[in-house]
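Accompanying notes for the structure given below.
In this chain, numbering begins with 1 at the start of the sequence shown.
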Amino acid sequence: MNRHFLGDTAVLLGRSLRHIVRSPDTIITTAVMPIAFMLLFVYVFGGAIETGTDSYVNYLLPGILLITIASGISYTAFRLFLDLQGGIFERFQSMPIARSSVLWAHVLTSLVANMISVVVVVGVALVMGFRSGAGPLAWLAVAGILLLFTLALTWIAVVPGLTAKSVDGASAFSYPLVFLPFVSSAFVPTDSMPGPVRAFAEHQPVTAIVNAIRRLFTEQPVGTDIWVALAWCVGILVAAFVFATVTYRRRIS
């Protein structure tokens, strides 16, 4: 069956994407909360926050993009849970298709949906005054980091999607991921934080990823931030992929 993997995945991906096209509220809901945060922090709190930059929306956007992705991957767990409860997985197992293609279709759907949400949020940021002198290579690097981050979180989302006992349980896991950027350099410099909070903020993955994206947007040397960010993303991705794959095999066996 493995030789049919790509074709089977493409067919099932088309199925999942059609569901999103028929329910555009998935994209809208994913983008609304990050946009609301961006509006709130820029127009309400922005004037009181000292970041050392002329434009707070420029400083804020990298963290908002990560929140957008963290919000969106909850739908991966939600869709997986509904397919399991609806018996779709059992039907697919009785058909001559690669078993892993069912899971990969959900993962790729998450990538597509989240990248659309990210584009929407960037568009709103441009209207709010976001500007970047980054060249094509820097934008490609940002896109690559965001794709890798999305892929890592999506494989995390697969686990609750396969193991949750309720719809709420399938999507609730994303709440800590949405909160994590608030304890990082996403909204304020870590220098302003109390000792223990600062130590946590400076050594968690979001800070390295945000700093790397921010430096790429401003055409500054990325230093070690980009390597730390990539190490976090790859490490999370590998661990989540292995755990999700084992869980999937147990679930369908």
Side-chain angles (χ1 to χ4, degrees), residues 24-74 111-150 153 174 177-193 197-198 201-202 204-223 225-226 228-230 233:
D25 55 299
T26 299
I27 303 294
I28 295 171
T29 304
T30 299
V32 163
M33 185 179 69
I35 290 172
F37 280 142
M38 189 160 57
L39 292 170
L40 177 67
F41 275 87
V42 171
Y43 294 124
V44 178
F45 301 136
I49 298 176
E50 181 57 49
T51 62
T53 60
D54 295 331
S55 174
Y56 186 56
V57 68
N58 284 7
Y59 183 90
L60 183 70
L61 182 59
I64 293 295
L65 295 179
L66 298 194
I67 289 176
T68 303
I69 294 168
S71 302
I73 52 100
S74 64
L111 288 179
V112 173
N114 278 291
M115 288 304 102
I116 293 173
S117 298
V118 164
V119 170
V120 171
V121 172
V122 171
V124 174
L126 288 170
V127 173
M128 295 173 62
F130 169 73
R131 296 295 180 269
S132 171
L137 289 179
W139 276 99
L140 284 175
V142 170
I145 293 171
L146 293 177
L147 279 169
L148 193 57
F149 182 72
T150 304
L153 292 195
S174 66
L177 299 178
V178 173
F179 176 75
L180 201 57
F182 289 92
V183 193
S184 73
S185 63
F187 293 91
V188 297
T190 56
D191 295 344
S192 63
M193 300 177 182
V197 178
R198 177 180 176 180
E202 291 180 346
Q204 59 121 319
V206 170
T207 292
I209 297 170
V210 164
N211 289 346
I213 294 174
R214 189 177 288 138
R215 288 178 179 274
L216 288 167
F217 277 151
T218 56
E219 295 185 298
Q220 295 179 2
V222 292
D225 283 326
I226 192 166
V228 175
L230 291 175
C233 289

Any side-chain heavy-atom pair from [X] and [Y] closer than 4.5 angstrom?
{"X": "Phe149", "Y": "Pro205", "value": "no"}
{"X": "Pro181", "Y": "Val210", "value": "no"}
{"X": "Leu66", "Y": "Leu146", "value": "yes"}
{"X": "Ile213", "Y": "Leu61", "value": "no"}
{"X": "Ile73", "Y": "Leu177", "value": "yes"}

Which residues satisfy the side-chain contact (heavy atoms from CB on, under 4.5 Å) test with [X], sequence neighbours excluded?
{"X": "Arg198", "answer": "Thr190, Asp191, Met193, Glu202"}
{"X": "Val222", "answer": "Arg215, Leu216, Ile226"}
{"X": "Val178", "answer": "Met33, Ile67, Ala70, Ser71"}
{"X": "Ser192", "answer": "Val188"}

So, taking the atom named [atom1] in [X] and the one named [atom2] in [Y], what distance separates them when rounded to the nearest 0.5 Å?
{"X": "Leu148", "Y": "Leu153", "atom1": "CG", "atom2": "CG", "answer": "10.0 Å"}
{"X": "Leu180", "Y": "Thr207", "atom1": "CG", "atom2": "OG1", "answer": "8.0 Å"}
{"X": "Ile145", "Y": "Leu140", "atom1": "CD1", "atom2": "CG", "answer": "11.5 Å"}
{"X": "Tyr59", "Y": "Phe217", "atom1": "OH", "atom2": "CZ", "answer": "14.5 Å"}

Quiz item: Taking the six-membered ring for Trp, are the ring centroids of Phe182 and Phe37 within less than 6.0 Å of each other?
Solution: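 Yes, the ring centres sit under 6.0 Å apart.
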Quiz prompt | Residue list, ring pair (Phe, Tyr, Trp, His ring centres under 6.0 Å) with Tyr43, at least two apart or on another chain | solution =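 For Tyr43 there are no ring pair (Phe, Tyr, Trp, His ring centres under 6.0 Å) partners, ignoring immediate neighbours.
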Self-check item: Contacts of type side-chain hydrogen bond (donor to acceptor under 3.5 Å, both in side chains), residue Ser185, not counting sequence neighbours
Solution: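 Checked Ser185 against side-chain hydrogen bond (donor to acceptor under 3.5 Å, both in side chains); matches are Asn211.
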Quiz item: Taking the side chain from Asn58 and the backbone from Arg131, do they hold a donor-acceptor pair closer than 3.5 Å?
Solution: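 The answer is yes, because a donor-acceptor pair under 3.5 Å joins these two groups.
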Quiz item: Do the side chain of Ser117 and the main chain of Thr68 share a donor and acceptor less than 3.5 angstrom apart?
Solution: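 Not at all, since once roles are kept as given, no pair shorter than 3.5 Å links the two residues.
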Quiz prompt | Contact summary for Val121 and Pro34, nearest pair of heavy atoms | solution =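 Taking Val121 first and Pro34 second, the nearest heavy atoms are CG2-CB, 4.4 Å.
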Self-check item: Taking every non-hydrogen atom, the tightest pair across Asn114 and Gly72
Solution: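 Looking at all heavy atoms of both residues, the shortest contact is OD1-CA, 3.3 Å.
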Quiz item: What residues form a salt bridge (Lys or Arg N to Asp or Glu O under 4.0 Å) with Glu219, not counting sequence neighbours?
Solution: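 Per chain and number, Glu219 pairs via salt bridge (Lys or Arg N to Asp or Glu O under 4.0 Å) with no residue.
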May I have the list of side-chain donor-acceptor pairs in residues 123-130 shorter than 3.5 Å, sequence neighbours left out?
none

